[in-house]
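This report refers to the structure that appears directly beneath it.
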Amino acid sequence: KAMQELGMQGGVFSIQVTPDSTTTFLPQGTDHVEFMVSANPGQPLKPLTKVASGGELSRISLAIQIIAAQKLTLPALIFDEVDTGIGGGIAEVVGTQLRALSHNRQVLCVTHLPQVASQAHQHYLISKSKEKASTSTNIRQLSHPDRVKEIARMIGGIEITEATSALAEEMLHKE
């Protein structure tokens with residue numbers, strides 16, 4: 001169900017557990033566990049590591065984390081570019097899912113997608129400064145006007161136009 005909500009209609013996820021009685025007991029057990037997936041209707045289940053694209057891996061990973069977070073009481077979740085390989089409407093769904101997760105826990109998410117960033121309660125800009133002999137990382141919380149500028153930059157690139165600014169403002173008001 002979580003895969004369907006993340007734009008993988010018809011996708012199936014299964015966990016294959018194969019007992020190995022020939023192995024001695026190890027800290028991780030004696031079973032061989034493999035995630036199996038069929039990302040498209042009518043396709044047979046195959047090992048996740050062999051058939052999933054980057055975007056599919058991101059969405060399946062997010063689906064697993066969403067389900068786990070509903071069952072466990074975790075004070076914080078950290079997502080580092082969980083939206084890699086996706087865009088458009090699916091990115092908006094991912095942003096909405098991350099925002100829903102934040103209702104009862106802290107969610108930190110690194111993203112390059114305006115559809116995801118616009119869903120945040122707080123928005124921080126992380127940047128690097130390079131000198132000849134050193135590199136430093138900076139982080140700054142964005143005010144609402146700065147968020148509009150940053151979302152517009154994420155949408156349109158270097159030149160921020162009235163149209164990209166208007167779209168950024170619209171995206172931020174969807175909260």
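For the single chain, residues carry numbers from 1 onward in sequence order. Computed from a predicted model, the values in this text were never measured in an experiment.
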Under 3.5 Å, which donor-acceptor pairs do the side chains of residues 84-93 form with other protein atoms, sequence neighbours left out?
{"residue": "Thr84", "atom": "OG1", "partner": "Glu81", "partner atom": "O", "Å": "2.7"}
{"residue": "Glu92", "atom": "OE2", "partner": "Lys174", "partner atom": "NZ", "Å": "3.1"}

All N/O donor-acceptor pairs, side-chain side in residues 103-110, below 3.5 Å, sequence neighbours left out:
{"residue": "Arg105", "atom": "NE", "partner": "Leu74", "partner atom": "O", "Å": "3.3"}
{"residue": "Arg105", "atom": "NH1", "partner": "Leu101", "partner atom": "O", "Å": "3.2"}
{"residue": "Arg105", "atom": "NH2", "partner": "Ala69", "partner atom": "O", "Å": "2.8"}

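Taking each heavy atom of Gln4 and Gly11 in turn, the nearest pair found is NE2-O, 2.8 Å. Residues Met171 and Ile155 approach most closely at SD-CD1, 3.7 Å, considering heavy atoms. In terms of heavy atoms, Ala168 sits closest to Ala152 at CB-N, 3.6 Å. Here the shortest heavy-atom pairing between Leu45 and Ser38 reads CD2-N, 3.6 Å.
Judged as a side-chain hydrogen bond (donor to acceptor under 3.5 Å, both in side chains), the pairs with a partner in residues 5-15 (not counting sequence neighbours) are, in order, Glu5-Gln97. Residue pairs meeting the ring-ring contact (aromatic ring centres under 6.0 Å, His included) criterion with at least one member in residues 34-91, sequence neighbours excluded, are Phe13-Phe35.
Ser118 OG to His123 NE2: the interatomic distance, rounded to the nearest 0.5 Å, is 9.5 Å. One distance of note links OG1 of Thr96 with CD of Gln115; it measures 10.5 Å at 0.5 Å rounding. Of the inter-residue distances, the one linking Leu62 atom CG with Leu57 atom CG reads 12.5 Å to the nearest 0.5 angstrom. Expressed to the nearest 0.5 Å, how far CD of Glu159 lies from OG1 of Thr164 amounts to 8.0 Å. The CG atom of Asp83 sits 8.0 Å away from atom CG of Leu98, with the distance rounded to the nearest 0.5 Å. Atom CZ of Arg99 sits about 3.5 Å away from atom NE2 of His121, to the nearest 0.5 Å.
For the pair Arg59 and Glu56, the minimum side-chain heavy-atom distance is below 4.5 Å. The closest side-chain heavy-atom distance from Met3 to Val37 is below 4.5 Å. A 4.5 Å side-chain heavy-atom check between Arg140 and Asn138 finds every atom pair outside the cut-off.
Ile151 and Ile139 are assigned to two separate hydrophobic clusters, defined by single-linkage of ILVMFWY side chains at heavy-atom distances under 4.5 Å. Val12 and Val33 are members of different hydrophobic clusters when ILVMFWY side chains are connected at heavy-atom separations under 4.5 Å. Criterion: ILVMFWY side-chain heavy atoms under 4.5 Å apart, direct or through other members. Under it, Val116 and Ile66 are part of a common hydrophobic cluster. Transitive grouping of hydrophobic side chains (ILVMFWY, heavy atoms separated by less than 4.5 Å) brings Ile64 and Met8 into a common cluster. Hydrophobic clustering (ILVMFWY, side-chain heavy atoms < 4.5 Å, transitive): Met36 and Leu48 are in distinct clusters.
For the salt bridge (charged side-chain N to carboxylate O under 4.0 Å, His left out) test, no residue two or more places apart in sequence or in another chain qualifies with Asp31. In this structure Glu150 satisfies the salt bridge (charged side-chain N to carboxylate O under 4.0 Å, His left out) test together with Arg153, sequence neighbours excluded.
No side-chain donor from either of Ser165 and Glu169 sits under 3.5 Å from a side-chain acceptor of the other.
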